[in-house]
Amino acid sequence: MFSKILVANRGEIAVRVIRACREMGIGVVAVYSEADAAAPHVWLADEAIPIGPAEAAQSYLNVERVLDAAHRSGAQAIHPGYGFLAENAGFAAACREAGLVFIGPPADVIRNLGDKSRARRVADAAGVPVVPAVDEPGVDDRAVRVAALRLGLPVVLKAAAGGGGKGMRAVRRAEELDAAAASARREALASFGDGALVVEKLIERARHVEVQILADARGRIVHLGERECSIQRRHQKVIEESPSPTVNDGLRAALCEAAVGIARAAGYVNAGTVEFLLDPSGQFYFLEVNTRLQVEHPVSEAVTGIDLVREQIRIAAGEPLMLQQRQTIRRGHAIECRVYAEDPEAGFAPSPGRVLHLDEPSLPGVRIDSGIRAGQDIPMFYDPILSKIIAWAPDRPQALRRMAEALREYVVLGCHTNLSYLRAVIAHPEFIAGRLSTEFLAEHMASWRRPAPSPEVAAIAAALARSPGAPPGGRAASGVPRADPWERLRGWRFS
């Protein structure tokens, strides 16, 4: 087993991995950009090493700086979390060449499954239905148009080299094709360094269901059941749950068998997720494989009692998967809501700023995976996710009630968040009934507006904003910067 691991990430996922390492008795090293010098993940780690300016390309995405930090700290392995370098086959290979263990799949598996065209061929060879698509267009505008018209509108344009909703555009009219392709290509190039596109037939009113898998280097593969991820905005997941409220036992067995078959055909090792689309008739189609830990992994942990980060680390250390499929028993129901620093009434624009006040719920069956603290500045340079709320209960109705109460008690003042929006989604009759699709938010929440704050909340927020003593690092009435109390500890924690 490793004695020291470097976490090549930030925010709530870095905190999550650090805590797993602590439970395992493993030393942990954080890295941080200039914008994250006082972030919680920095203070939780045993060591913290600066790796560059706020811009991700010069810090968290800079392979040389991350590897140098690992060598300087004496770390033996690197956990990439999700995002940034997590699905970068070149980074996984660079870790191996540098004598470090990458906690994730082998580089060739990431490369094959990260390319949507290759992944589709793996699924097809495993006998799993795939969404009708044309995956040869690359970056050529004319080829994209020809492919879309050959498939028949509506279609969805996707970045060939990445996932997470980046570089995706749905197109329903021919006159929108060129602009959508150009926009998708720009985003794909910025996110993944590759502007190639795949054109897929758009399945209307689809549900997005995925299966969590674990695989060791000895060929043992188990699944942890399915997660429902249909509540999405602009192809980004917002709320997830396990099990799916509408997947029956027969469909569940077929989905999980397909996921394990694809993993086996790809020679998969470590944790991963196989994603599917379900059409209104219940027919499922392979979508993609995420070769990393998912943001929504806690709902699978909640219903199985299996720590996925711990299993990732054990597998990467060469240990066998001790789980048998019959041991992965799922109990109860879990729901996750992602809390973002964004303004739903301004088109969900990111809302960087200082956290003036933070009050996180503490309830039975509720878990908070958080990467923020009161007084912290939320930078504008990264994904705006602040935390995740996970509510577990013996059944879905009770889990929904626990989630509703947790959302009601969660208070973040100082920057806009989507908390009010999440409360409204959870309370919607169609959501409560489990009638979900990837178009749910567009259909049911388009006219949503934030309720006016109570006079008490408004008064507290105003008082915090003008208080000369808060927040840490703020300015007094005289305009003189106040000292951050965390400054006293910097020499103790940083290296």
Side-chain angles (χ1 to χ4, degrees), residues 1-6 17 20-21 23-26 75-82 86-89 91-115 118-119 121-123 125-128 210-227 252-275 286 288-294 297 300-301 303-330:
M1 182 49 65
F2 309 114
S3 61
K4 187 181 288 188
I5 290 173
L6 182 139
V17 176
C21 291
E23 286 189 1
M24 298 177 74
I26 299 171
Q76 301 146 313
I78 295 180
H79 196 302
Y82 53 71
E87 292 181 284
N88 187 312
F91 178 61
C95 287
R96 185 183 65 246
E97 291 166 7
L100 297 161
V101 176
F102 176 80
I103 300 178
D108 59 340
V109 173
I110 297 175
R111 190 174 293 111
N112 288 334
L113 293 178
D115 182 290
R118 294 180 186 175
R121 289 195 285 273
V122 170
V128 178
E210 62 190 27
V211 176
Q212 176 71 55
I213 57 167
L214 285 169
D216 66 17
R218 295 165 172 77
R220 173 173 290 178
I221 305 172
V222 298
H223 67 79
L224 274 62
E226 87 283 0
R227 297 187 289 253
R252 178 173 297 111
L255 286 167
C256 294
E257 182 182 357
V260 170
I262 290 170
R264 196 172 302 284
Y268 202 89
V269 178
N270 214 269
T273 301
V274 185
E275 305 201 348
F286 169 76
E288 63 186 13
V289 178
N290 288 125
T291 55
R292 55 172 168 80
L293 194 68
Q294 292 279 82
H297 76 274
S300 293
E301 293 182 327
V303 297
T304 63
I306 295 169
D307 185 326
L308 284 166
V309 178
R310 184 185 185 94
E311 292 303 318
Q312 281 192 295
I313 293 170
R314 289 186 64 260
I315 292 167
E319 295 187 7
L321 192 61
M322 301 304 291
L323 296 167
Q324 303 279 351
Q325 187 61 63
R326 58 183 172 79
Q327 294 174 301
T328 60
I329 300 169
R330 294 174 292 283

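Using a distance-only test at 3.5 Å, with no hydrogens or angles considered, no donor-acceptor pair links the side chain of E275 to the main chain of E210. Looking at N112, its side chain does come within 3.5 Å of a backbone N or O of D108 through a donor-acceptor pair. A donor-acceptor pair under 3.5 Å links the side-chain atoms of D216 to the main chain of R218, judged by distance alone. Distance alone, capped at 3.5 Å, is enough to place a donor-acceptor pair between the R220 side chain and the L321 backbone. At distances below 3.5 Å, not a single donor-acceptor pair connects side-chain atoms of E23 with backbone N or O atoms of A20. Between the side chain of Q76 and the backbone N or O of S3 there is at least one donor-acceptor pair closer than 3.5 Å.
With values rounded to the nearest 0.5 angstrom, R111 atom CZ is found 9.0 Å from N88 atom CG. To the nearest 0.5 Å, atoms CD1 (I221) and CG (L323) are separated by 13.5 Å. Note that CG of L214 and CD1 of I306 are 7.0 Å apart. Values are rounded to the nearest 0.5 Å. With values rounded to the nearest 0.5 angstrom, M1 atom CE is found 5.0 Å from I26 atom CD1. Summarising the geometry, atom OG belonging to S300 is positioned 6.0 Å from atom CG belonging to L224; distances are rounded to the nearest 0.5 Å.
A 4.5 Å side-chain heavy-atom check between Y268 and L113 finds at least one atom pair inside the cut-off. Residues V289 and I262 have side chains in contact (heavy-atom distance under 4.5 Å, counting atoms from C-beta outward). Here the side chains of M24 and I313 are in contact, with some heavy-atom distance below 4.5 Å. Taking 4.5 Å as the limit, every side-chain heavy atom of I110 sits out of range of all side-chain heavy atoms of F91. I78 has its side chain out of reach of I103: every pair of non-hydrogen atoms, C-beta onward, lies at least 4.5 Å apart.
A donor and an acceptor atom, one from each side chain of Q212 and H297, are nowhere located under 3.5 Å apart. Under the 3.5 Å distance criterion, with hydrogens and angles disregarded, a donor-acceptor pair is assigned to the side chains of T273 and R227. Judged by distance alone, the side chains of Q312 and R310 never bring a donor and an acceptor atom under 3.5 Å apart.
Contact detail for R292 and G81: the closest heavy-atom pair is CB-O, 4.3 Å. Taking every heavy atom of both residues into account, A75 and L100 meet most closely at O-CD2, 3.2 Å. Taking both residues in full, the closest heavy atoms of A265 and A126 are given as CB-CB, 4.4 Å, listed atom of the first, atom of the second, then distance. The nearest pair of heavy atoms linking F102 to A316 is O-CB, 4.4 Å. Summarising the geometry of H79 relative to V309, their closest heavy-atom pair is NE2-CG1, 4.1 Å, with the distance given to 0.1 Å. Scanning all heavy atoms of the two residues, the minimum distance from P80 to A86 falls at CB-CA, 3.6 Å.
A search for salt bridge (charged side-chain N to carboxylate O under 4.0 Å, His left out) contacts involving E319 returns R314, not counting sequence neighbours.
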Quick one: do V260 and R264 satisfy side-chain contact (heavy atoms from CB on, under 4.5 Å)? Show the steps, please. CA-CA 6 Å; V260 170; R264 196 172 302 284; 3.9 Å; yes
Using side-chain contact (heavy atoms from CB on, under 4.5 Å), reason through N290 and E288 one step at a time and then give a plain yes or no. CA-CA 7 Å; N290 288 125; E288 63 186 13; 3.8 Å; yes
List the steps and the verdict of side-chain contact (heavy atoms from CB on, under 4.5 Å) for Q324 and V222. CA-CA 7 Å; Q324 303 279 351; V222 298; over 6 Å; no
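Between E226 and R252 there is a salt bridge, with a side-chain nitrogen of the basic residue lying less than 4.0 Å from a carboxylate oxygen of the acidic one.
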